[in-house]
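Below you'll find the structure, written out as structure tokens, and then a few comments.
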Amino acid sequence: MKSDLQEKVISILEKEIPEISQVKDKIKFEPPKEDKFGDFSLNAAFLLAKPLKDKPINIADKIKQILEKESIFEKVEVAGAGFVNLFLSPKFFEPVLKKAITEEMYGEIKDKNKGKVNIEFVSANPTGPLHLGHGRGAVVGNTLANLYSYSGYKVEKEFYINDAGNQIRMLGLSVYARFRQIDESDYPFPEEGYKGEYIKEIAQELYVKERDKILSMLDEDEAIEFMAEYAKNLLLEKIKEDLKLLNVEFDIWFSEKELYQTGKVQEAIEYLQGKGLIYEKDGALWLKTSQFGDDKDRVIKKSDGTYTYFAGDIAYHYDKLKRGYDFAVNIWGADHHGYFPRLKAALLALGAPENWLDVLFIQLVKLFKDGQEMKMSKREGKFITLRDLIEMVGKDPVIYFFLTKDSNTHLNFDIDLALKQSSDNPVFYVQYAYARINSVFREAKERFDIDINSINEADPTLLKEKPEKDLMKLIAIIPEELYKIAEKKQPHKITQITYDLASKFHYYYNNYKFLQKDDENLMRARLYLLRAVQNTLKTLFNIMGITPVERM
RNA sequence: GCGCCCGUAGCUCAAUUGGAUAGAGCACGUGACUACGGAUCACGAGGUUGCAGGUUCGACUCCUGCCGGGCGCGCCA
């Protein structure tokens with residue numbers, strides 16, 4: 001709606017001030033911080049100062065005179081050094097409310113023709129349970145994917161399975177050692193092995209189910225490989241279960257191992273060789289990444305003949321590139337940020353457009369309880385897993401808290417706060433708003449026998465109180481805001497929008513009564529507005545994966 | 001040493017990406033229920049935006065230099 005209005009205003013102005021076409025793209029049309037500055041404010045006068053060779057304030061006056069004649073505005077004012085503030089008339093909100101009520105996902109663009117996008121996230125090694133950082137990545141990635149889809153993109157969510165490297169071998173060794181320890185308690189455990197309890201559980205399970213098969217194997221290596229494969233598949237299933245707890249599901253599970261088995265690594269290297277970007281030195285193969293912005297060239301095939309992780313990753317992104325996405329987003333742990341220039345260089349070498357891939361980094365999550373940080377030690381295998389946290393505080397707080405802050409800043413997760421059932425806890429606050437509206441609807445049914453779904457229209461000119469206008473204004477701009485945060489890759493901002501809407505509703509609720517028989521038209525108009533608020537909340541919840549609770 | 005990220009109220013974070021008097025929540029203080037759910041709301045106090053320059057109508061935002069914190073700099077994955 002913002003853009004419709006924007007275009008309309010610009011075309012009106014263009015008739016009298018043709019110079020406006022020069023600055024068209026820079027014109028901002030935004031709700032100002034304070035209400036006295038109107039519903040929307042226009043910065044055009046500042047931009048026109050140069051081409052018109054006049055002071056912004058004079059130009060603003062001229063704009064005011066032009067726009068004042070339009071009926072969609074109640075009032076037009078000039079303020080500050082040259083802002084033009086526009087006050088909308090109530091009639092303007094009629095189609096907005098209608099849309100917010102009738103659309104299942106309010107504001108979603110149904111034609112997914114903006115482009116095709118791939119978003120790869122979590123991609124945890126299948127060597128153990130998901131930790132908190134993975135959970136944060138999962139929530140951020142999933143929400144971003146939903147925002148893209150909402151905005152009209154075709155989205156594919158992808159999980160890259162690192163099932164080819166040394167860590168899988170180490171997984172096998174770890175399980176094997178625990179297996180042997182069942183009979184021989186002093187059997188040595190590998191120095192770099194996975195020390196978590198889950199390894200013992202897997203070994204125990206194998207001991208019960210597959211003992212004879214393993215003992216009949218010819219050599220240790222065969223047994224280790226068998227165990228690695230067994231453990232990997234089991235852990236991958238657990239990862240899928242954990243993600244499902246957060247409403248996160250993937251479209252594509254891409255195996256690193258298959259890249260090697262199907263010759264795709266070889267293929268990618270040959271392609272780069274054909275472009276003359278690979279050379280041999282010290283018995284290894286190097287890619288000329290320094291030609292594409294990296295600090296130095298990188299090894300892709302080691303002197304012992306095996307490939308580096310980077311080689312697999314090149315082949316992986318070569319494959320992704322050929323699948324025809326307009327752009328791709330990866331979500332990584334922040335400790336990998338040094339790796340980005342290398343991959344970016346490889347993509348350019350492969351012929352990808354500049355900025356085809358963007359990476360969002362996820363910073364550490366720290367847990368707090370009773371005001372104290374809960375220290376975790378991965379080395380000792382002692383840490384709280386994502387699943388532990390979900391079991392402790394529930395799915396919705398986990399999702400919401402992981403989303404509240406920019407993913408590139410550290411997050412302190414306060415367990416006590418997440419469990420609190422009061423306004424201190426933002427998840428409760430927003431869910432309560434939804435439930436509270438439901439309770440109004442129930443009461444309307446009981447007291448006046450009003451079926452809320454039968455209120456399909458209302459006169460918004462009756463809604464002239466300030467909180468009502470604030471709510472309508474916010475509802476009107478929410479779709480645009482969501483498109484914007486998708487473009488800017490700022491999924492965390494959805495929590496701010498949601499909180500804002502809930503907060504405006506709570507204020508409205510506390511200061512006005514909805515169920516009053518003496519003015520039935522007003523009552524119906526207010527209930528109509530509440531329907532719009534509720535469905536907008538539900539749309540926001542759906543994007544995040546949070547449950548709209550009917551009754552708390 | 002080099003590179004990336006961060007530095008805003010006592011705490012956790014915002015600031016529509018260069019716009020109007022830097023805003024929220026928590027904590028603190030004061031107040032509001034004959035009631036559609038007080039699981040809420042209102043009011044108050046709290047700031048030299050790490051420091052110093054620069055760019056312009058205008059800087060938390062951009063540029064330069066410093067200070068402090070985190071992370072990364074493998075023929076590991």
Side-chain angles (χ1 to χ4, degrees), chain A residues 28-34 36-37 41 43 46 49-50 55-57 79-83 85 125 127 162 164-168 170 192 256 281-286 295-296 298-313 333-342 361 363-364 368 371 404-406 408-412 414 417 420-426 428-429 431-433 435-444 446-447 477 480-481 484-485 488 490 492-493 495-496 499-500 502-503 505-516 523 526-527 530 551-552:
Chain A
K28 276 192 213 159
F29 200 80
E30 285 156 346
K33 289 172 198 163
E34 284 187 63
K36 64 176 179 182
F37 296 131
S41 88
N43 66 341
F46 295 103
K50 237 175 212 167
K55 283 184 190 163
I57 189 89
F83 287 95
N85 296 331
N125 287 344
T127 55
N162 297 129
N166 289 335
Q167 78 276 15
I168 294 297
M170 189 50 73
E192 301 289 314
E256 181 188 5
K281 194 181 94 182
D282 304 330
L285 283 185
W286 299 69
D295 305 343
K296 53 182 177 185
R298 305 289 175 174
V299 171
I300 50 174
K301 193 177 188 178
K302 294 179 258 181
S303 50
D304 67 2
T306 61
Y307 293 103
T308 59
Y309 176 81
F310 187 40
D313 218 11
D335 53 342
H336 289 90
H337 74 257
Y339 183 74
F340 189 30
R342 194 181 312 183
F361 293 100
Q363 295 280 1
L364 226 68
F368 284 78
T404 48
K405 279 156 201 152
D406 187 338
N408 202 20
T409 61
H410 290 263
L411 175 69
N412 294 336
D414 184 339
L417 179 60
K420 238 172 169 178
Q421 310 212 344
S422 75
S423 64
D424 315 352
N425 180 345
F428 256 86
Y429 186 85
Q431 285 184 321
Y432 179 47
R436 210 175 200 188
I437 293 172
N438 255 334
S439 127
V440 174
F441 292 169
R442 274 197 304 270
E443 195 69 20
E446 261 175 48
R447 237 199 269 175
I477 65 167
E480 283 285 341
E481 292 292 315
K484 201 157 76 186
I485 63 177
K488 293 184 175 170
Q490 299 177 315
H492 66 283
K493 293 211 168 156
T495 57
Q496 288 165 31
Y499 191 91
D500 197 16
S503 166
F505 162 72
H506 283 310
Y507 175 82
Y508 183 37
Y509 179 97
N510 265 52
N511 290 284
Y512 295 86
K513 295 196 62 80
F514 313 135
L515 300 178
Q516 280 176 314
M523 173 165 76
R526 287 181 167 172
L527 290 172
L530 291 194
R551 192 195 282 258
M552 304 168 51

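Per chain, numbering begins at 1; letters A, B, ... match sequence-line order.
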Any donor-acceptor pair under 3.5 Å between the side chain of [X] and the base of [N]?
X      : N     : result
A:S439 : B:C36 : no
A:T308 : B:A77 : no
A:N85  : B:A20 : yes
A:K484 : B:U16 : no

Quick one: on RNA chain B, does A:K493 or A:W286 contact a more 5' nucleotide (nearest heavy atom)? A:K493

Between A:A502 and A:Y307, which residue's closest nucleotide on RNA chain B lies nearer the 5′ terminus? A:A502

Is the base of B:U61 syn or anti, if syn means a glycosidic angle within 90° of 0? anti

Given [options], the nucleotide with the shortest approach to the side chain of [X]:
X      : options             : answer
A:Q490 : B:A77, B:C75, B:U17 : B:U17
A:Y499 : B:A24, B:C36, B:C75 : B:A24
A:N408 : B:C5, B:C75, B:C41  : B:C5

Using a heavy-atom cut-off of under 4.0 Å over every strand shown, decide if [X] touches base, sugar-phosphate, or nothing.
X      : value
A:D282 : base
A:K405 : sugar-phosphate
A:K301 : nothing
A:Y512 : base

Atom pairs, protein N/O to nucleotides 67-74 of chain B N/O, distance under 3.5 Å:
from	atom 1	to	atom 2	distance (Å)
B:C71	O2	A:H337	NE2	3.3

List for me each residue that meets ring-ring contact (aromatic ring centres under 6.0 Å, His included) alongside A:Y309, sequence neighbours excluded, and say none if there are none. none

Once pairs are restricted to Watson-Crick or G-U wobble with both distances under 3.5 Å, how does RNA chain B read as a dot-bracket string, [ ] for crossings and | for other-strand pairs? (((((((..((((.....[...)))).(((((.......))))).....(((((..]....))))))))))))....

Would you say a side-chain N or O of A:R436 is under 4.0 Å from OP1 or OP2 of B:G38? yes

Short side-chain N/O contact from A:R447 to OP1 or OP2 of B:C36, under 4.0 Å: yes

